[in-house]
Amino acid sequence: MKKELVEVVSQKEIARHIFELKVQGNVVNEMTSPGQFVHIRVTDTFQPLLRRPISICDVDLESRTLTMLYRKEGTGTALLSQKKEGEKIDLLGPLGNGFPLDELSQGQTALLVGGGIGVPPLYYLAKKLCSQGINVISVLGFQSGDDGFYSEKFAELGEAYVSTVDGSQGTKGFVTDVIKNKDLHYDLLYSCGPTVMLKALELQVPAANGFFSLEERMGCGIGACFACVCHVNGGLPSDYVKVCSDGPVFPIGEVVL
Ligand code: FAD
Ligand code: FES
């Protein structure tokens, strides 16, 4: 983990309120594990005080470039969306534990299920798995076609399906509808998205083997403040994990959703 002032290489809106931000810096050399995140200070004025966690979406080690995708939501991401090429951003990372890459062998199949702004970390994961000869099937869920992004990039890496709640792109409904209708077969499931989607996946495929990446509100991002604790399934009420430093990736079923 490093703290560095990285330089904005480009920033553009690629879907409704979804921004693609590319930054360059030496810290990028450490970003080899998909599912990890960075913690960004969005202004120099400590206003807002807290850093914002954003996932690693793609990395080009040769040019030391990190790609992040984020949804402009509140104060922090609105300020981030104003950053222009050449400006510096205070970035801390990479943080947390990413998706394990050694659970599958060449020729086996991974199912990647992403919902909304949970899709970005799965892109770097898909690239890594493909480079290891693992087949990747992706299912990406959005509210509508206007909110969707990167489906063609996932399609370059393997079978890719989209679901939208309003039916304006792909299957009408949820990612779980795609999994059911297409009768997808796979060896391991990786997913990131809203908790309600992860819960639905857990119910639909109760015996699923795999990993979920969780998004909890964070303070420090490094295990010091207890802002991000979650309870452990089957544990005592006092048993907990910290999403920032024990996760954000956990084996399916380990954490109470
Ligand atoms: P505000 O609502 O003004 O933020 C207020 C506070 O709540 C801040 O501390 C903020 O960090 C926190 N917060 C608000 N929403 C969330 C949320 N969903 N999850 C966690 N904290 C939240 N978003 C993306 O768009 N792209 C990503 O790649 C991405 N990766 C993430 C990875 C991790 C490990 C986590 C925990 C969150 C990730 N998020 C991602 C969510 C993102 O951090 C929040 O959308 C963002 O912090 C909102 O900040 P804001 O100032 O715009 O919103
Ligand atoms: Fe501080 Fe996780 S955010 S302990």
Side-chain angles (χ1 to χ4, degrees), residues 1 11-23 28 31 33-43 45-59 66-83 89-99 112 114-127 140-143 147-150 153-154 190-198 211-232 240-250 255 257:
M1 176 191 55
Q11 160 125 273
K12 60 180 179 205
E13 192 168 359
I14 59 166
R16 183 163 50 190
H17 305 309
I18 303 290
F19 288 75
E20 181 189 67
L21 172 63
K22 292 182 189 265
V23 299
V28 176
M31 298 179 183
S33 174
Q36 286 190 298
F37 64 100
V38 297
H39 222 191
I40 290 185
R41 190 176 292 299
V42 291
T43 55
T45 58
F46 291 85
Q47 213 40 266
L49 179 66
L50 292 176
R51 289 174 180 270
R52 291 334 194 220
I54 302 289
S55 303
I56 294 169
C57 170
D58 197 10
V59 166
L66 159 69
T67 303
M68 293 170 275
L69 299 182
Y70 64 92
R71 185 191 291 132
K72 190 168 136 189
E73 293 259 0
T75 324
T77 43
L79 286 164
L80 194 58
S81 71
Q82 290 163 15
K83 300 282 180 193
I89 297 179
D90 178 339
L91 179 147
L92 181 69
L95 300 176
N97 296 300
F99 293 105
L112 276 50
I117 210 58
V119 167
L122 299 181
Y123 183 62
Y124 191 28
L125 174 66
K127 282 179 73 174
L140 315 176
F142 302 104
Q143 286 296 320
D147 305 308
F149 53 89
Y150 268 42
K153 282 178 160 283
F154 277 91
Y190 295 95
S191 185
C192 183
T195 306
V196 55
M197 184 196 88
L198 301 181
F211 298 89
F212 283 166
S213 181
L214 310 186
E215 277 186 19
E216 265 308 309
R217 290 190 172 237
M218 289 188 179
C220 67
I222 52 169
C225 75
F226 292 81
C228 65
V229 293
C230 282
H231 290 289
V232 176
Y240 62 83
V241 287
K242 293 177 186 173
V243 172
C244 68
S245 52
D246 297 318
V249 174
F250 295 95
V255 174
L257 296 174

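Numbering of ligands and ligand atoms starts at 1, following listing order. The chain is numbered in sequence order, starting from 1. Only a predicted model underlies this, so the values are computations on that prediction, with no experimental measurement involved.
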*For C228 and M218, which heavy atoms make the closest approach, and how far apart are they?*
CB-CG, 4.2 Å

*Do side-chain atoms of Y124 reach the backbone of M31 as a donor and acceptor pair under 3.5 angstrom?*
yes

*Starting from atom 11 (O) of ligand 1, which protein heavy atom do you reach first, and at what distance in Å?*
R52 CD, 3.4 Å

*Within-cut-off N or O pair, G76 and ligand 1, under 3.5 Å*: yes

*Measure from atom 1 (P) of ligand 1 to every heavy atom in P194, G74, A78 and give the option owning the shortest one.*
G74

*Would you mind listing which atoms of ligand 1 come within a distance below 4.0 Å of any non-hydrogen atom of Y70?*
24 (C), 25 (O), 26 (N)

*Donor-acceptor under 3.5 Å (Q36 side chain, G96 main chain)*: yes

_Short side-chain to backbone donor-acceptor contact, N97 and S245, under 3.5 Å_ = yes

_Please check: side-chain N/O of E216 versus main-chain N/O of V229, any donor-acceptor pairing under 3.5 Å?_
no

*Give the numbers and elements of all ligand 1 atoms closer than 4.0 Å to a heavy atom of L50.*
9 (O)

_Distance filter under 4.0 Å to R71 heavy atoms, resulting ligand 1 atoms_ = 24 (C), 25 (O)

*For atom 3 (O) of ligand 1, find the nearest protein heavy atom and state the residue, atom name and distance (0.1 Å precision).*
T75 N, 3.5 Å

*asked:* Among all the protein's heavy atoms, is there at least one whose distance to atom 44 (C) of ligand 1 comes out below 4.0 Å?
replied: no

*Which bit of F37 is near ligand 1, meaning a heavy atom under 4.0 Å away: side chain, backbone, both or neither?*
side chain

*Out of F154, F142, Y123, which one pairs with F149 under the ring-ring contact (aromatic ring centres under 6.0 Å, His included) rule?*
F142

_Per atom 6 (C) of ligand 1, closest listed option by heavy atom (E215, H39, E216, R217)_ = R217

*Evaluate ring pair (Phe, Tyr, Trp, His ring centres under 6.0 Å) for Y70 paired with F19, printing each intermediate quantity in order.*
CA-CA 5 Å; Y70 64 92; F19 288 75; 5.6 Å; yes

_Under 3.5 Å: N/O of L69 near N/O of ligand 1_ = yes

*If you count the atoms of ligand 1 from 1 in the order shown, which ones are under 4.0 Å from a heavy atom of T77?*
50 (P), 51 (O), 52 (O)

_Close N or O approach (P53, ligand 1; < 3.5 Å)_ = yes

*Would you mind checking which non-hydrogen protein atom is closest to atom 24 (C) of ligand 1, with the distance to 0.1 Å?*
I117 CG1, 3.1 Å

*Output yes when R51 and D90 qualify as a salt bridge under the 4.0 Å nitrogen-oxygen rule, no when they do not.*
yes

_Heavy-atom donor-acceptor pair, K83 side chain to V42 backbone, under 3.5 Å_ = yes

*Give a yes or no answer on whether the side chain of H39 reaches the backbone of C220 with a donor-acceptor pair at less than 3.5 Å.*
yes

*What class does the angle between the rings of Y190 and F211 fall in, given that below 30° is parallel, 30 to 60° is tilted and above 60° is perpendicular?*
parallel

*State whether the side chain of R16 and the backbone N or O of G148 hold a donor-acceptor pair below 3.5 Å, judged by distance alone.*
no

_T43 and P48, any side-chain heavy atoms less than 4.5 Å apart_ = yes

*asked:* Which residue and atom name correspond to the protein heavy atom nearest atom 28 (O) of ligand 1, and how close is it?
replied: S55 N, 3.0 Å

*Which atoms of the protein, restricted to N, O or S, are nearer than 2.8 Å to atom 2 (Fe) of ligand 2?*
C228 SG, C244 SG

